[in-house]
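Data first, discussion second: the structure below is written as structure tokens.
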Amino acid sequence: MNKLTSVDELKHAALEIRKNLLNLCSKQTIHIGGDLSIADVMTVLWQYQMNYNPHDPLDEGRDRFILSKGHASAVMSFNQAAIGCFDSNDVIKEYASDEGRFSMHSCKLINPYVEFSTGSLGHGFPVACGIAAGLRLKDNLTSRVYVVMGDGEQSEGSVWEASMNAVHYKLGNLVAIVDNNGLEADGKIEDITGLGNLADKYRAFGFRVCELDGNDIAKIKNQFDNLPSPDSDIPTVLICHTVKGKGISFMENQARWHAGKITEEQLKLCIKELESGAK
Amino acid sequence: MPETHQNYYLRNIIGEYMAELGMTNDKVVVVNADLMGTCRNRSFVEAFPERSFNVGIAEQNMVSFAAGLAHEGFIPYAFSMAPFISMRACEQCRTDVAYNNMNVRLISTYSGVSGGISGATHWALEDCAIMCAIPGMTVMEPCDPLQAKKMLECSAEHSGPIYIRSSVEPVINVYDSDYCFEIGKASLAKDGNDGAFICSGITVKYALSAAEIVKKNTGKEIRVIDMHTLKPLDRQAIIDAAKTGKIVTAHDHNVSGGLGQLVAEVIASEKLKTDFVNLGIEDKFVPMAHAPYLYHKFSLDDEGLARTMIELINKED
């Protein structure tokens with residue numbers, strides 16, 4: 001497929017992803033809050049930024065994508081559908097169904113476009129570091145490894161173990177993305193165990209740290225356009241300030257929409273709100 | 001069996017053999033978590049610095065990082081002590097290595113109570129139970145230097161995740177140079193038809209010596225089966241051993257979830273008619289002590305094994 005290039009095209013693509021998510025959410029319980037918060041980043045990543053050929057998913061030159069917050073599998077699957085891996089209707093039909101290809105947490109046993117099966121938090125980042133080191137060892141100096149984590153996930157100690165390795169092994173081909181929506185399953189992160197200043201923490205570990213509005217397509221695109229070369233020495237972390245449930249007013253910033261299902265009636269309202277917001 | 005009873009240390013054999021493996025297979029990489037010295041793989045690290053990673057004291061990270069390297073086609077050997085690989089990094093072994101079917105080799109030393117005076121934090125009474133319960137994981141334990149090398153050689157060619165545990169206690173030469181090793185096929189350390197010890201790792205040397213004691217005391221010839229692969233288990237070797245009518249299993253592992261229970265499952269499901277005793281570390285925490293003291297305490301040494309087998313023989317008479 002042809003990659004999207006303009007901000008407007010990407011905005012439209014993100015709108016389509018959100019509509020698909022809500023549609024699925026009217027049929028199945030999905031992690032809708034965290035899907036919606038990271039939907040814009042995922043759209044720019046999959047439909048613009050990443051070098052990935054759905055007709056050759058094992059091509060050595062591809063960029064690797066690891067969904068460390070594995071529960072956002074729906075937003076990944078819809079983006080994979082958008083670039084031609086399969087049809088969006090297949091995702092809606094087969095998600096969380098027996099013998100279907102799409103599970104609540106991304107699983108490569110059933111979806112061949114999943115680079116690495118995830119679900120338990122704090123695993124994807126250290127795995128991504130190993131992949132980034134492996135690429136270097138193979139003299140693949142052009143591929144990048146993108147890993148998307150949640151902000152609640154930052155409480156996992158393994159994230160910080162991996163951070164030390166990423167910097168120590170000079171993995172400039174690694175781009176970590178934090179979906180900083182401020183909420184985790186039990187409520188506000190600040191009320192549970194606060195993360196403090198996440199940017200300062202990553203800076204102290206030696207990362208190139210960029211903070212951005214993770215629901216602003218133009219700003220996301222701009223960050224990706226300005227990534228250091230994959231053969232550089234300093235790993236990047238993009239701390240994306242996002243809104244959980246972004247785009248649907250009754251879901252925004254509501255911890256109870258971490259996961260859930262909507263009615264047909266709610267779906268109509270959601271689609272209406274998304275379309276009016278896009279105008 | 002060779003005459004010499006010279007002592008060998010498996011962690012030295014395994015660690016040092018890595019350099020040879022690295023020479024013949026350029027996909028082989030080593031990942032340490034600050035126990036390169038303990039695991040004796042420094043010669044690999046020095047020979048292949050670019051293929052060596054040391055993630056610091058972070059076993060979970062070591063295993064995930066190794067899974068990432070395997071994802072890119074490498075064959076990572078991740079080294080640590082058995083309790084830290086099997087328990088601190090348990091979920092990483094299960095989810096990142098096994099669920100994702102990565103060719104990671106998890107290489108552990110300090111198996112069972114061989115960590116002795118280090119105490120229970122440095123013992124692995126549970127590792128085989130844990131690893132055997134992980135789908136797709138091959139679980140092995142060498143008892144002899146040549147076997148350890150052949151095991152590593154096979155591991156580089158094998159497809160799928162592997163866990164190898166080894167003792168820090170000294171072992172002896174059990175096998176001659178023509179020894180054939182096959183994953184999942186038990187080795188006959190000593191033949192005999194009047195009873196069978198089924199062992200793995202450090203207990204093989206004690207069983208060989210116990211078989212001599214039994215012979216001297218009763219004239220009976222006891223078979224010693226070296227069950228170097230705990231998973232997949234060689235069921236046929238157990239079926240054959242049951243024909244002797246007396247099976248004593250010996251494992252430096254909790255009796256719960258160790259070799260004995262693996263063998264018992266075969267005896268029960270195959271409806272084998274045999275006497276059976278499961279020797280291992282009792283299901284409780286005990287204070288630190290030197291490993292031979294503990295083996296003696298739990299009847300895993302030659303004296304304890306011989307006594308147990310003689311009791312079975314006497315019961316028959």
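Convention: sequence-line order gives letters A, B, ...; per-chain numbering from 1.
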Checklist entry - Are the aromatic rings of Tyr202(A) and Trp160(A) close, with centres under 6.0 Å apart? => result yes

Next on the checklist: Let's test your reading of the structure: which of Leu69(B), Asn100(B), Asn101(B) forms the most heavy-atom pairs below 4.5 Å with chain A?
Outcome noted: Asn100(B)

Checklist entry - Centroid-to-centroid, His123(A) to Phe116(A), below 6.0 Å? => result no

Item to check | Part of Met102(B) lying under 4.5 Å from any heavy atom of chain A | outcome: side chain

Item to check | Top contributor to chain B contacts, counting heavy-atom pairs under 4.5 Å, from Val127(A), Leu109(A), Asn140(A), Val159(A) | outcome: Val127(A)

Checklist entry - Salt bridge or not for Glu60(A) and Lys138(A), using N-O below 4.0 Å? => result yes

Checklist entry - So which part of Arg64(A) gets closer than 4.5 Å to some heavy atom of chain B, the side chain, the backbone, both or neither? => result side chain

Item to check | Sub-6.0 Å ring centroid separation between Phe65(A) and Tyr52(A) | outcome: no

Checklist outcome for this item: Applying a strict 4.5 Å limit to non-hydrogen atoms, the region of Tyr169(A) in contact with chain B is side chain

Item to check | Contact origin within Val31(B) toward chain A - heavy atom pairs under 4.5 Å | outcome: neither

Next on the checklist: Could you go through Tyr113(A) and Trp46(A), starting from their C-alpha distance and side-chain angles, then the distance that decides it, and tell me whether this counts as ring-ring contact (aromatic ring centres under 6.0 Å, His included)?
Outcome noted: CA-CA 12 Å; Tyr113(A) 304 100; Trp46(A) 278 88; 8.7 Å; no

